[in-house]
Amino acid sequence: MKVNSIALLGHKDHGKSTLIGSLLMQTGAATKVRIKEAEAYSKRLHRPFEPAFILDSFPEERERGMTYDTTRAEIKYKGFAFSLIDVPGHEELMKNMISGASYGETALLLVSAKSGEGIRNQTQRHLFVCSMLGIKRLIVAVNKMDLVGYSQKRFDAIGKGLAGFISAMGFEKGHVRFVPISAYKGDNLTGKSSRMEWYRGKSLIEELYDNARLKHSSKKGMLRILVQGSIPSEKAGFAAGRVVSGDVKVGERVIMLPGGEHAVVKEIVVKGRRVRSAGRGDNVALGFRDRVKGDLRGSVIYPETSHQQSSARIEALIFLTKAFTKNVSIRFNGIDVKVRGMRVNRYIDTTTGRSCSSGRISPLNAVRAELRLARKIPVERFDKAMELGRFVMYNGNKFIGIGIVTAA
Amino acid sequence: MIEQDLKVLEEKSIFIIREAGMKFKNVAALWSMGKDSTAMLALARKAFLGKMPFPVIHIDNGIDFPETYKFRQDLAKKWKLNLIVAESEIKPDLVGSACCGKNKPETLKQVMSKYGFDALIVSIRRDEHGIRSKERYFSERDKNFRWDYKNQRAELWDDYASKLDDGGHIRVHPLLDWNEIDVWRYVKQERIPVNPLYFSRDGYRYRSLGCTHCTLPLKSDAKNVSSIIKELKTTTDEERSGRSMDKEREYVMARLRALGYM
């Protein structure tokens with residue numbers, strides 16, 4: 001069964017973990033032991049039952065009532081499976097949010113309707129990052145409707161407040177949905193609530209179901225194999241890698257970038273068996289007619305006829321969780337490449353999506369910039385070849401941000 | 001229990017196991033002879049041209065089931081495993097989680113340092129336990145085996161943790177995404193040999209295997225892999241309900257894992 005990955009988004013305390021906990025209970029996916037354990041702990045903290053404790057398993061998370069790190073839980077509905085990815089809302093934990101959300105195909109944004117909560121910095125920042133991660137489908141759940149008397153006015157106001165930002169972030173307009181819910185009380189989660197007669201739309205789970213039925217475009221594309229490294233063998237040695245687009249056949253002439261070596265595919269091994277061809281998603285081991293020298297880790301295999309080139313200059317949209325320092329490198333396709341210089345073209349405030357004239361690079365905001373790299377890499381535009389258009393940024397061994405390539 | 005696409009799970013696991021092999025100089029894999037770590041061995045063989053490329057460690061406290069030892073011997077021979085048996089002494093004054101929390105990690109520390117392993121493949125799954133569900137695919141452990149779970153590194157876009165400079169190691173979790181039922185479906189699809197203790201005898205079978213001191217069988221009539229899969233489709237019991245350490249106070253697992261337990 002295909003599992004649809006849903007990344008939860010939203011400001012802290014707007015109810016992400018509680019929503020997943022409630023969905024697990026309402027769909028019967030939470031085991032008795034997990035529920036009992038969450039009950040016992042709620043009692044120990046002298047609190048009413050907290051469904052979030054089914055997800056928040058660290059002692060610190062429960063005691064402080066906030067999610068520290070990402071996790072996933074699965075539910076089933078009408079023959080579809082959903083993996084709900086919980087993430088922390090706190091801005092200091094953006095690295096954990098990104099780690100979780102990066103596995104999402106659709107975003108489920110929570111906005112609390114409660115007075116004093118509403119649309120907050122992290123509401124928009126999460127949407128900004130989510131859009132960078134390549135997630136284009138969005139469901140907005142307006143939560144805590146029970147605390148505002150199930151007010152349609154409040155619901156509409158939040159929808160209006162977000163509409164501009166959502167469309168600026170490039171979400172697929174026709175598919176964006178707004179659902180008023182109470183994650184805690186269970187309204188509009190798996191059935192229509194009788195307390196919001198004014199709401200004509202579907203329950204949250206029905207929206208997830210409709211979303212799962214939408215087709216994902218599946219262009220086959222040109223052959224691209226990301227090489228992880230070499231597997232030695234008695235005779236020749238194999239290049240181990242993953243086909244991310246197109247397919248590869250025995251006898252095919254290929255070129256490896258950035259080295260530029262030409263080769264002819266002699267053998268293809270998939271899962272220990274010799275095959276004639278392999279396609280997208282396959283982890284392959286390729287043997288070549290002539291021995292290919294050197295360390296192939298980080299190389300990309302293209303058809304010989306492709307005009308693909310390597311580049312040491314790229315333009316990128318970059319989101320930083322930490323300050324940008326002198327000693328920055330990018331991790332791209334498994335290898336580290338030093339950044340020699342960066343020229344910022346635009347500073348972006350991730351809570352508004354607009355340019356800001358601050359003139360400095362600040363954590364939790366973004367830049368459009370030109371990077372000068374220490375060496376050439378086979379990079380492509382993110383919107384053209386996702387796996388070859390994205391990188392993670394490090395200062396030494398410390399994660400400082402992510403980037404997507406807008407021009408190479 | 002949700003049955004996922006085995007092809008997707010399999011490819012991801014192969015990618016992760018290969019990544020461990022490419023990134024680290026000296027990788028080992030833990031093998032308990034249970035279904036998960038045996039499925040992991042099958043995946044590692046697929047990843048590396050049909051041959052298990054890493055040494056396989058069994059932390060042997062001497063009180064595993066006789067069937068388990070027999071299974072170890074047979075499969076190690078059949079799959080030509082480079083098996084390291086690390087003997088762990090059971091201390092009579094330690095019981096339950098204290099026993100698991102002390103004996104096994106201590107022995108593991110010794111064997112890791114003796115051979116200088118910098119990465120260890122461990123076949124935990126997210127659906128086993130709330131704490132395990134918060135893990136990364138590549139997870140850092142310091143030189144004392146501690147897991148700093150409040151400060152895990154970012155992990156996205158197939159970019160995984162590299163070697164640590166401080167003498168620690170990386171735990172590699174290729175089966176993190178799998179559900180219990182997926183492992184059994186894969187065992188069936190690939191005809192992977194499994195420990196006979198999983199199959200029902202006199203109305204009972206083991207669903208999760210530990211040592212003889214702390215593992216209890218559960219009521220079941222499932223005598224083969226297909227019946228186990230059928231049983232799992234409808235069960236509401238926890239997989240590890242026969243493991244006594246999971247029944248102790250909350251956070252036993254949190255404490256154990258923070259201290260280096262698998």
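Labels below follow one simple rule: chain letters A, B, ... track the order of the sequence lines, proteins then strands, and each chain is numbered from 1.
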_side chain to side chain contact (heavy atoms under 4.5 Å, CB included) assessment of A/Thr70 paired with B/Glu155_ = CA-CA 11 Å; A/Thr70 177; B/Glu155 185 172 76; over 6 Å; no
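Atom CD1 of A/Ile402 sits about 6.0 Å away from atom CG of B/Leu156, to the nearest 0.5 Å. The distance from atom CG of A/Leu296 to atom CE of B/Met22, rounded to the nearest 0.5 Å, is 10.0 Å.
Around the NZ atom of B/Lys7, the shell of radius 6.0 Å holds more than 12 heavy atoms that belong to other residues, nucleotides or ligands.
Side-chain contact check for B/Asp159 and A/Tyr394: at least one donor-acceptor pair (N or O, by modelled atom type) lies under 3.5 Å.
Looking at B/Asn151, the atoms closer than 4.5 Å to chain A (heavy atoms on both sides) sit in the backbone and in the side chain alike. Of the two parts of A/Val284, only the backbone, made up of N, CA, C and O, holds a non-hydrogen atom closer than 4.5 Å to a non-hydrogen atom of chain B. Residue contact with chain B, scored on non-hydrogen atoms closer than 4.5 Å, involves the backbone of A/Ile75 exclusively. Of the atoms belonging to B/Lys51, not a single heavy atom falls under 4.5 Å from chain A. The part of A/Tyr103 that comes within reach of chain B is its side chain, from C-beta onward, which places non-hydrogen atoms under 4.5 angstrom from that chain. Both the backbone and the side chain of A/Arg390 have a heavy atom closer than 4.5 Å to some heavy atom of chain B. Looking at A/Asn333, neither its backbone nor its side chain comes within 4.5 Å of chain B, counting heavy atoms on both sides. Of the two parts of A/Thr321, neither the backbone nor the side chain holds a non-hydrogen atom closer than 4.5 Å to a non-hydrogen atom of chain B. At a 4.5 Å heavy-atom cutoff, the contact between A/Leu55 and chain B is made by backbone atoms alone. Contacts between A/Arg72 and chain B at a heavy-atom distance below 4.5 Å involve backbone atoms as well as side-chain atoms. When heavy atoms are compared at a cutoff of 4.5 Å, A/Glu61 approaches chain B solely by way of its side chain, counted from C-beta outward.
In plain terms, the two heavy atoms of A/Arg331 and B/Lys23 that are nearest each other are NH1-NZ, 3.8 Å. Shown here for A/Asp69 and B/Lys134, the closest heavy-atom pair between the two residues is O-NZ, 2.7 Å. Heavy atoms only, all atoms of each residue included: A/Ser99 and B/Ala154 are closest at OG-CA, 3.2 Å. Here the closest non-hydrogen pair linking B/Ile131 and A/Ser57 is CD1-O, 3.4 Å. Here the closest non-hydrogen pair linking B/Glu10 and A/Lys271 is OE1-NZ, 2.8 Å. For the pair A/Met1 and B/Glu3, the tightest heavy-atom approach, listed with the atom from each and the gap, is CB-O, 3.0 Å.
The candidate from A/Gly272, A/Gly334, A/Gly100, A/Ala81 with the greatest count of non-hydrogen atom pairs under 4.5 Å with chain B is A/Gly272. When each of A/Asn397, A/Leu133, A/Ile54 is scored by its heavy-atom pairs under 4.5 Å with chain B, the top score falls to A/Leu133. Between chain B and the options A/Met386, A/Lys76, A/Arg242, A/Met97, the largest number of non-hydrogen pairs under 4.5 Å is found for A/Arg242.
Checking side-chain atoms of A/Thr71 against main-chain N and O of B/Ser133 turns up a donor-acceptor pair under 3.5 Å. Between the side chain of B/Glu11 and the main chain of A/Asn283, a donor-acceptor pair closer than 3.5 Å is present.
Residues A/Val3 and B/Asp177 form no side-chain contact, since every pair of their non-hydrogen atoms from C-beta on lies 4.5 Å or further apart.
Among residues 13-20 of chain B, the residues having any heavy atom closer than 4.5 Å to a heavy atom of chain A are, in sequence order, B/Ile14, B/Phe15, B/Arg18, B/Glu19.
Relative ring orientation between B/Trp157 and A/Phe382 is described as tilted, the plane-to-plane angle lying within the 30° to 60° band.
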